[in-house]
J.: 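Below: one structure in structure tokens.
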Amino acid sequence: MKLFIDTGSVAEVEEIAAWGVLSGATTNPTLLAQESGDPGERIRRICELVGGPVSAEVVADDPETMIAQGHALAALHEHVIVKVPFGAAGLQATRALTDDGIGVNMTLVFSPSQALLCAEAGARYISCFMGRLDDVSIDSAEVLTGIVDALRPCGSSTVWMDGSAQVLAASIRHPAHVVTAARRRCEVATVPGKVLRQMLGHPLTSSGIERFNADWESIPALGEWLSALVAGEPAIAAA
Ligand code: E4P
């Protein structure tokens, strides 16, 4: 499963892209409204930083405006994927944008039947919101399984190779959501920076590093040996 970052913040993408784990990003109107500066410049910068698909969302109710906004957003950068809210107008816009060669991420999808319509309209990504489902006591893991099974009835492991839609787990609230999305065979999870940072932590990792460092530093010659090695200097016996 690929990891995208769910954010409108360039600084956050700069920080986490440096880890080498991001394949793309998603934004939404709420996330972009939380930051200052020209949104187009921010979307372009995020595209450069992640070097992969970056979703930018249309904000309209009618298909004609969605299509016009979608073309304008796609023109910002070759990595832009146009995010379109689910609904009859969104499906119409998705079909038109897809036919024009523009990748679409259909968002606010909460059921397998909605996902089937997204796939038929040509969406490249189908965003199922885990956290918002759990908020209303609907088991997001069950819904994800339903969507994945509906789109891959023969149990194929991935679908995009044949041009079908990829399931994108969104509205991720904690690391367990990310693991659930992977285990339910989603192609992508888009994860807020806060949750990506939480995924780093484990008390045994911290205590293990502390112990390795303390043991190494207890013999100063070992540190001198490693510094010399890094500097390409002749070997020093680390007795
Ligand atoms: C997905 O692309 C959305 O931007 C996002 O995951 C929504 O998450 P929220 O429910 O935390 O707002």
Side-chain angles (χ1 to χ4, degrees), residues 1-13 16-17 21-35 39 42-43 45-47 49-50 52-60 66 69-70 73-74 76-77 79-87 90-91 93-94 97 102-111 114-115 118-119 121 123-141 143-144 147-148 160 165-182 184 186-199:
M1 185 180 74
K2 301 286 184 196
L3 291 177
F4 290 3
I5 185 167
D6 196 26
T7 188
S9 161
V10 170
E12 193 164 57
V13 180
I16 294 173
V21 300
L22 296 180
S23 299
T26 51
T27 67
N28 67 33
T30 304
L31 293 170
L32 287 174
Q34 286 167 358
E35 307 289 327
R42 278 186 278 150
I43 290 166
R45 183 70 187 127
I46 293 172
C47 286
L49 286 166
V50 297
V54 175
S55 294
E57 189 160 340
V58 300
V59 189
M66 286 179 178
Q69 290 180 358
L73 290 167
L76 285 173
H77 194 282
H79 290 328
V80 167
I81 295 289
V82 175
K83 205 173 186 188
V84 175
F86 184 82
L91 288 167
T94 296
L97 290 166
I102 293 171
V104 172
N105 173 358
M106 283 216 89
T107 190
L108 294 166
V109 173
F110 295 97
S111 72
Q114 290 181 325
C118 297
R124 185 175 306 175
Y125 299 99
I126 299 175
S127 288
C128 175
F129 280 39
M130 298 184 77
R132 294 194 199 185
L133 279 164
D134 292 336
D135 286 347
V136 294
S137 300
I138 297 173
D139 185 345
S140 59
V143 174
L144 275 184
I147 290 174
V148 169
W160 177 238
Q166 300 185 51
V167 181
L168 188 156
S171 188
I172 298 278
R173 301 279 166 78
H174 45 69
H177 269 154
V178 183
V179 176
T180 299
R184 304 290 166 136
C186 293
E187 278 81 12
V188 184
T190 189
V191 187
K194 178 184 162 202
V195 178
L196 286 163
R197 288 184 209 99
Q198 287 173 338
M199 289 168 72

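Read the numbers this way: they start at 1 and go in the same order the structure lists the ligands and their atoms. Nothing fancy with the numbering, it's 1 onward along the sequence.
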J.: Is there a polar contact, in the sense of an N or O pair closer than 3.5 Å, between K83 and ligand 1?
T.: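 Yes; at least one N/O pair falls below 3.5 Å.
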J.: To which protein heavy atom is atom 8 (O) of ligand 1 closest, and what is the distance rounded to 0.1 Å?
T.: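 Going atom by atom, the protein heavy atom closest to atom 8 (O) of ligand 1 ends up being S171 CA, 3.3 Å.
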J.: Enter the distance from L196:CG to I16:CD1 here, rounded to the nearest 0.5 Å.
T.: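 Between atom CG of L196 and atom CD1 of I16 there are 5.0 Å.
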J.: Give the residue, atom name and distance (to 0.1 Å) of the protein heavy atom nearest atom 7 (C) of ligand 1.
T.: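 Its nearest protein heavy-atom neighbour is F129 CE2, 3.4 Å.
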J.: Examine distances only and state if a side-chain atom of Q69 and a backbone atom of V59 form a donor-acceptor pair shorter than 3.5 Å.
T.: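 Present.
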J.: Starting from atom 12 (O) of ligand 1, locate the nearest protein heavy atom and write down its residue, its atom name and how far away it is, to 0.1 Å.
T.: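 For atom 12 (O) of ligand 1, the nearest protein heavy atom comes out as R132 NH2, 2.7 Å.
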J.: Taking distance alone, with N or O pairs closer than 3.5 Å, would you say T27 contacts ligand 1?
T.: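 By distance alone, the answer is no.
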J.: What atoms in ligand 1 come closer than 4.0 Å to a heavy atom of T26?
T.: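 Checking each atom against T26, I get 2 (O).
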J.: Give the C-alpha distance, both sets of side-chain angles, the deciding distance and a yes or no for side-chain contact (heavy atoms from CB on, under 4.5 Å) between L168 and F4.
T.: CA-CA 9 Å; L168 188 156; F4 290 3; 4.1 Å; yes
J.: Is E12 paired with R197 through a side-chain N to carboxylate O contact shorter than 4.0 Å?
T.: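 Salt bridge: yes.
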J.: With atoms numbered from 1 as shown, which atoms in ligand 1 lie under 4.0 angstrom from a non-hydrogen atom of A170?
T.: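 Those qualifying, in numeric order: 1 (C), 6 (O).
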J.: Classify the ring geometry of H77 against H79: parallel below 30°, tilted from 30° to 60°, perpendicular beyond 60°.
T.: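 Tilted: the ring planes of H77 and H79 meet at 30° to 60°.
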J.: Look up atom CG in L32 and atom CD in Q34, then write down how far apart they are to the nearest 0.5 Å.
T.: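 So the gap between those two atoms works out to 9.0 Å.
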J.: Could a heavy atom of D6 be found less than 4.0 Å from some atom of ligand 1?
T.: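 The answer is yes: ligand 1 sits under 4.0 Å from a heavy atom of D6.
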J.: Kindly give the heavy-atom pair with the smallest separation between I81 and R124, and that separation in Å.
T.: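 That closest heavy-atom pairing would be CD1-NH1, 3.7 Å.
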J.: Please report which non-hydrogen protein atom sits nearest to atom 4 (O) of ligand 1, along with the residue it belongs to and the distance in Å to one decimal place.
T.: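 Answer, as residue, atom name and distance: N28 ND2, 2.7 Å.
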J.: So, applying side-chain contact (heavy atoms from CB on, under 4.5 Å) with N105, which one of I126, V82, T26 is it?
T.: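 Going through I126, V82, T26 one by one, the side-chain contact (heavy atoms from CB on, under 4.5 Å) with N105 is satisfied by T26 alone.
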J.: Is there any N or O on T190 that sits under 3.5 Å from an N or O of ligand 1?
T.: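 Looking only at distances, the answer is no, because the N/O contact criterion of under 3.5 Å is not met.
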J.: Is there any N or O on R173 that sits under 3.5 Å from an N or O of ligand 1?
T.: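 For ligand 1, there is an N or O atom that lies under 3.5 Å from one belonging to R173.
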